[in-house]
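Chain letters run A, B, ... following the sequence lines, proteins first and then strands; every chain starts at 1.
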Amino acid sequence: NAGVTQTPKFRVLKTGQSMTLLCAQDMNHEYMYWYRQDPGMGLRLIHYSVGEGTTAKGEVPDGYNVSRLKKQNFLLGLESAAPSQTSVYFCASSYSSGSETDTQYFGPGTRLTVL
Amino acid sequence: EDQVTQSPEALRLQEGESSSLNCSYTVSGLRGLFWYRQDPGKGPEFLFTLYSAGEEKEKERLKATLTKKESFLHITAPKPEDSATYLCAVQVRAQKLVFGQGTRLTINP
């Protein structure tokens with residue numbers, strides 16, 4: 001199993017450009033998440049999904065959109081990139097067993113720079 | 001407001017020198033506490049989940065403990081390969097983890 005994979009690994013954008021980050025998991029997990037990690041801030045939740053076709057806002061959703069058309073994929077979109085969106089983005093997934101406590105497994109990250 | 005604080009921010013030890021990392025939390029309801037290890041340029045790697053005060057879990061040189069207000073990650077006789085950033089996260093409700101800022105651990109040979 002590859003676990004959670006993310007593409008691309010690195011990307012440089014100019015202000016105003018758009019892009020999509022792709023997350024894929026092969027663990028048949030129901031829940032998927034997008035986080036950003038900034039120095040001194042810890043990991044912060046952007047959006048999440050509790051199943052195919054569903055999405056919900058996290059702690060810092062502004063400027064981002066997401067889609068979950070297939071169970072194994074979760075896409076994060078930036079419509080008009082801003083320098084404040086320079087960060088490392090992590091995707092995670094967890095298995096829903098009916099319990100509210102699920103271990104989240106993380107991908108390797110995408111380092112995004114917006115100039 | 002839910003808060004998770006890790007200390008120290010950075011810790012440098014000699015190989016074989018045991019120590020502990022702290023994770024203190026102020027949250028509305030604890031459903032679970034998670035420890036992750038993160039190597040530079042990599043994603044967080046799951047280590048432990050603790051659910052209730054008094055619980056302990058071990059893995060090689062690491063042992064995690066939990067009280068009602070904090071968790072400790074004890075590192076016994078560490079090796080250079082234990083160098084990493086250790087993250088603590090608290091689950092306060094379904095699908096919501098609150099992360100601490102991490103402790104950067106360096107083990108010198």
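In the hydrophobic clustering of ILVMFWY residues, with side-chain heavy atoms under 4.5 Å counting as a link, Leu33(B) and Val4(B) come out together. Connection of Leu112(A) to Leu75(A) is not established within any shared hydrophobic cluster, with ILVMFWY side chains joined at heavy-atom distances below 4.5 Å, either directly or through further cluster members. Residues Tyr31(A) and Phe74(A) fall into different hydrophobic clusters, defined by Ile, Leu, Val, Met, Phe, Trp and Tyr side chains chained together at heavy-atom separations under 4.5 Å. In the hydrophobic cluster analysis, where Ile, Leu, Val, Met, Phe, Trp and Tyr join through side-chain heavy atoms closer than 4.5 angstrom, Val50(A) is grouped together with Tyr35(A). Put simply, Phe90(A) and Val60(A) are part of two different groups of oily side chains (I, L, V, M, F, W, Y) that touch within less than 4.5 Å, one to the next.
Taking CG from Leu97(B) and OH from Tyr33(A), the interatomic distance works out to 7.0 Å, rounded to the nearest 0.5 Å. Distance CZ/Phe99(B) to CD/Glu59(A): 11.0 Å, rounded to 0.5 Å. Here Leu87(B) contributes atom CG and Phe106(A) contributes atom CZ; the two are 8.0 Å apart, rounded to the nearest 0.5 Å. Annotation: the span from Leu43(A) atom CG to Gln38(B) atom CD amounts to 6.5 Å, rounded to 0.5 Å.
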(message) Pair Gln104(A), Tyr36(B) - check side-chain contact (heavy atoms from CB on, under 4.5 Å), show working.
(response) CA-CA 10 Å; Gln104(A) 294 186 19; Tyr36(B) 288 87; 3.7 Å; yes
(message) For Leu45(A) and Lys96(B): C-alpha separation, side-chain torsions, deciding distance, then whether side-chain contact (heavy atoms from CB on, under 4.5 Å) applies.
(response) CA-CA 8 Å; Leu45(A) 183 65; Lys96(B) 181 172 171 59; 5.6 Å; no
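Around atom NZ of Lys57(B), more than 12 heavy atoms belonging to other residues, nucleotides or ligands sit under 6.0 Å away. Summarising the local packing, CD of Glu17(B) is surrounded by more than 12 heavy atoms from other residues, nucleotides or ligands at distances under 6.0 Å.
Residue Glu45(B) does not touch chain A at all, counting heavy-atom pairs closer than 4.5 Å. In this structure, chain B has no heavy atom under 4.5 Å from any part of Val88(A).
Among all heavy-atom pairs drawn from Phe34(B) and Asp102(A), the shortest one is CZ-O, 3.6 Å.
Side-chain N or O atoms of Gln101(B) include one that pairs as donor or acceptor with a backbone N or O of Gly40(A) at under 3.5 Å.
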